[in-house]
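For the numbers below, each heavy atom of this structure counts, side chains included, while hydrogens, waters and symmetry mates do not.
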Amino acid sequence: MSGIVIIGAGQAGASLAAKLRTLGYEGAVTMIGAEQQPPYQRPPLSKDYLLGKMELERLFLRASSFWEEQNVTLRLGQRVVGIDPAAKTVAFDGETIAYDHLALTTGSVPRRLPAAIGGELQGVYTVRTLADVDAMEPEFREGRRLLIVGGGYIGLEAAAVAAKLGLKVTLVEAAPRILQRVASPETSDYFRKLHHSHGVELIEGVGLERLLGSPRVTGAKLADGREVEADFVILGIGITPDTALAEAAGLEIENGIRTDEFGRTSDASIWAAGDCASFPWKGGRIRLESVGNAIDQAEVIAENMLGAEKPYAAKPWFWSDQYDTHLQIAGLNTGYDRIVTRRGDDGAMSFWYYKGDELLAVDAMNDARAYMVGKRLIEMGKNPDPAAVADPETNLKALLK
């Protein structure tokens with residue numbers, strides 16, 4: 001028996017390896033990661049870790065002794081160069097190992113700007129890895145000018161950290177509003193007001209023409225002709241699934257590595273989980289970029305590697321921390337045609353997404369009860385009366401009955 005090889009030592013890879021041992025699998029488990037660190041949490045990188053509130057060791061998903069105790073071989077700081085599906089082998093750093101099952105948990109890579117418009121200037125950063133954040137940390141000093149390109153959650157979280165540390169922050173979003181791709185106008189309005197209240201300048205509906213400076217960035221020229229000065233720049237313009245190895249191995253690609261409902265790719269011995277994988281969902285196909293999906297999907301795949309044939313039933317949930325606001329999201333809002341607003345205590349608020357009479361998703365700001373009830377309603381397939389949801393006198397828990 002050659003055992004199970006996992007390419008990618010992030011949240012999905014770590015969850016898969018740990019689940020295999022929990023299920024009693026006794027064969028060889030090898031996890032290969034390009035970074036030098038053992039599996040760690042990514043969400044705190046741009047928040048508490050960058051703020052200096054979380055030490056490196058607290059980022060790690062497991063104690064350093066866990067992997068040895070579980071007899072999981074970590075091959076860190078090593079990059080896989082190829083997969084041979086016919087021979088069932090993986091090549092990396094001049095070495096080749098065989099597998100019975102192979103899991104691709106390669107995650108995603110941040111989009112960068114082309115070099116022709118300044119994407120490779122010094123002082124231009126992305127937020128994805130520990131190395132990314134360690135490299136930019138010395139830039140975060142009070143009074144310095146930060147330009148953020150992109151008004152999604154990564155960009156807004158970086159803006160919140162920088163503003164809390166006393167930097168002068170300008171965020172540019174080419175779309176008409178921040179969070180346009182992922183949230184309602186109501187949620188965008190909420191976070192626009194929040195960032196304005198902390199002194200962040202938001203420029204919406206204006207694209208970036210190019211970054212300025214040489215060899216180090218000094219600012220940017222926007223599509224409307226104005227120029228913005230900056231001491232450094234953070235790009236938050238999205239991520240793409242890391243499918244390079246899968247493509248080279250001849251696997252089917254469809255908005256990520258295409259899997260069936262069990263997590264299996266077009267090769268019966270190769271599986272995929274996390275940001276890199278797309279899977280069937282409600283008659284269509286989706287790819288989820290979230291910690292919850294990485295964990296849940298990887299654990300189902302561990303079961304299926306051992307013969308369970310268990311379909312993966314995604315239960316989408318996400319979160320974002322900005323200043324003192326904790327946003328929790330349940331469900332997917334794709335196709336919504338109505339927003340119901342519910343106001344809670346002490347400034348708490350939630351937006352409920354409906355498509356006709358169907359509840360699709362909930363955005364809850366500092367309202368854990370609205371999030372938890374909304375999440376359960378969605379999972380149960382219940383569709384509460386919008387008028388009852390909007391009424392602050394309604395006991396949300398009663399909607400579950």
Side-chain angles (χ1 to χ4, degrees), residues 10 34-35 42-47 49-51 107-141 144-165 167-183 188 191-192 195 200-224 226-242 244 275-276 289-290 320-322:
E35 296 181 68
R42 294 193 190 278
L45 288 177
S46 59
K47 308 177 191 69
Y49 181 74
L50 188 54
L51 282 167
S108 52
V109 292
R111 292 190 176 97
R112 300 193 63 92
L113 295 176
I117 62 170
E120 294 182 2
L121 292 174
Q122 297 172 19
V124 178
Y125 302 94
T126 56
V127 184
R128 189 61 183 169
T129 68
L130 184 60
D132 290 336
V133 175
D134 284 345
M136 73 175 70
E137 190 278 332
E139 306 270 16
F140 281 76
R141 298 297 178 262
R144 303 193 79 226
R145 299 165 300 181
L146 166 61
L147 171 65
I148 298 172
V149 182
Y153 287 119
I154 287 292
L156 293 174
E157 289 170 0
V161 169
K164 289 173 75 171
L165 293 174
L167 281 75
K168 299 176 181 178
V169 184
T170 300
L171 184 148
V172 177
E173 169 54 58
R177 59 180 174 86
I178 57 172
L179 300 176
Q180 178 163 308
R181 185 178 68 87
V182 294
S188 295
F191 283 99
R192 182 184 301 108
H195 282 274
V200 173
E201 180 184 9
L202 299 177
I203 302 175
E204 299 168 280
V206 180
L208 173 75
E209 182 175 309
R210 63 174 293 109
L211 298 179
L212 304 174
S214 179
R216 183 178 173 87
V217 69
T218 58
K221 184 176 181 181
L222 306 185
D224 62 2
R226 79 180 105 170
E227 294 189 2
V228 178
E229 295 183 334
D231 295 307
F232 68 110
V233 173
I234 292 177
L235 303 178
I237 53 178
I239 59 178
T240 57
D242 190 347
D275 287 5
C276 68
E289 301 166 359
S290 74
S320 176
D321 291 317
Q322 298 171 44

*Asks:* So which heavy atom on P241 is nearest to which on D275, and how close?
*Replies:* CB-O, 3.8 Å
*Asks:* Among residues at least two apart in sequence or on other chains, which ones pass side chain to side chain contact (heavy atoms under 4.5 Å, CB included) with I117?
*Replies:* L113, P114, R210
*Asks:* With rounding to the nearest 0.5 angstrom, report the SG to CD distance, C276 to E289.
*Replies:* 11.0 Å
*Asks:* Sequence neighbours left out, what pairs pass salt bridge (Lys or Arg N to Asp or Glu O under 4.0 Å) with at least one residue falling in residues 113-125?
*Replies:* none
*Asks:* Side chains of R42 and T129: donor-acceptor distance under 3.5 Å anywhere?
*Replies:* no
*Asks:* Run the side-chain contact (heavy atoms from CB on, under 4.5 Å) check on S108 and D242 step by step: do they pass?
*Replies:* CA-CA 5 Å; S108 52; D242 190 347; 5.6 Å; no
*Asks:* Checking E204 now: which residues fulfil salt bridge (charged side-chain N to carboxylate O under 4.0 Å, His left out) with it, not counting sequence neighbours?
*Replies:* R192
*Asks:* State, with a plain yes or no, whether a side-chain heavy atom of T126 is found less than 4.5 Å away from one of I234.
*Replies:* no
*Asks:* Would you say that Y125 contacts D132 through its side chain, given a criterion of any heavy-atom pair below 4.5 Å between the two side chains?
*Replies:* no
*Asks:* Do any N or O atoms from the side chain of R144 and from the backbone of E139 form a donor-acceptor pair under 3.5 angstrom?
*Replies:* yes
*Asks:* Does the side-chain contact (heavy atoms from CB on, under 4.5 Å) test come out yes or no for L146 and K168, once each step is laid out?
*Replies:* CA-CA 6 Å; L146 166 61; K168 299 176 181 178; over 6 Å; no
*Asks:* Answer whether the closest heavy-atom distance between the side chains of I178 and L202 falls below 4.5 Å.
*Replies:* yes
*Asks:* Working to the nearest 0.5 angstrom, can you tell me the gap between L212 CG and E227 CD?
*Replies:* 5.0 Å
*Asks:* Heavy-atom distance under 4.5 Å between the side chains of S188 and L179, does that happen here?
*Replies:* yes
*Asks:* Side-chain contact, heavy-atom cut-off 4.5 Å: I239 with R128?
*Replies:* yes
*Asks:* Kindly give the heavy-atom pair with the smallest separation between Q322 and H195, and that separation in Å.
*Replies:* OE1-NE2, 2.7 Å
*Asks:* What I'd like to find out is whether the side chain of V169 reaches to under 4.5 Å of the side chain of E201, using heavy atoms alone.
*Replies:* no
*Asks:* Answer whether the closest heavy-atom distance between the side chains of L45 and L130 falls below 4.5 Å.
*Replies:* yes
*Asks:* Counting C-beta onward and ignoring hydrogens, is there a side-chain heavy-atom pair between R111 and L235 closer than 4.5 Å?
*Replies:* no
*Asks:* For residues 148-159, please give each side-chain donor-acceptor pair under 3.5 Å, one per line with the distance, not counting sequence neighbours.
*Replies:*
unit_1 : atom_1 : unit_2 : atom_2 : d
E157   : OE1    : K47    : NZ     : 3.2
E157   : OE2    : S320   : OG     : 2.7

*Asks:* Could you list all the side-chain hydrogen bond (donor to acceptor under 3.5 Å, both in side chains) pairs where at least one residue sits in residues 229-240, not counting sequence neighbours?
*Replies:* R145-E229, R145-D231
*Asks:* Check for a donor-acceptor pair, side chain of R141 on one end and backbone N or O of E137 on the other, with a separation under 3.5 Å.
*Replies:* yes
*Asks:* What pair of heavy atoms forms the shortest contact from A163 to V200, and how long is it?
*Replies:* CB-CG2, 3.9 Å
*Asks:* Atom OG1 in T218, atom CG in L211: separation rounded to 0.5 Å?
*Replies:* 9.0 Å
*Asks:* If the condition is ring-ring contact (aromatic ring centres under 6.0 Å, His included), which residues does F232 pass it with, not counting sequence neighbours?
*Replies:* F140
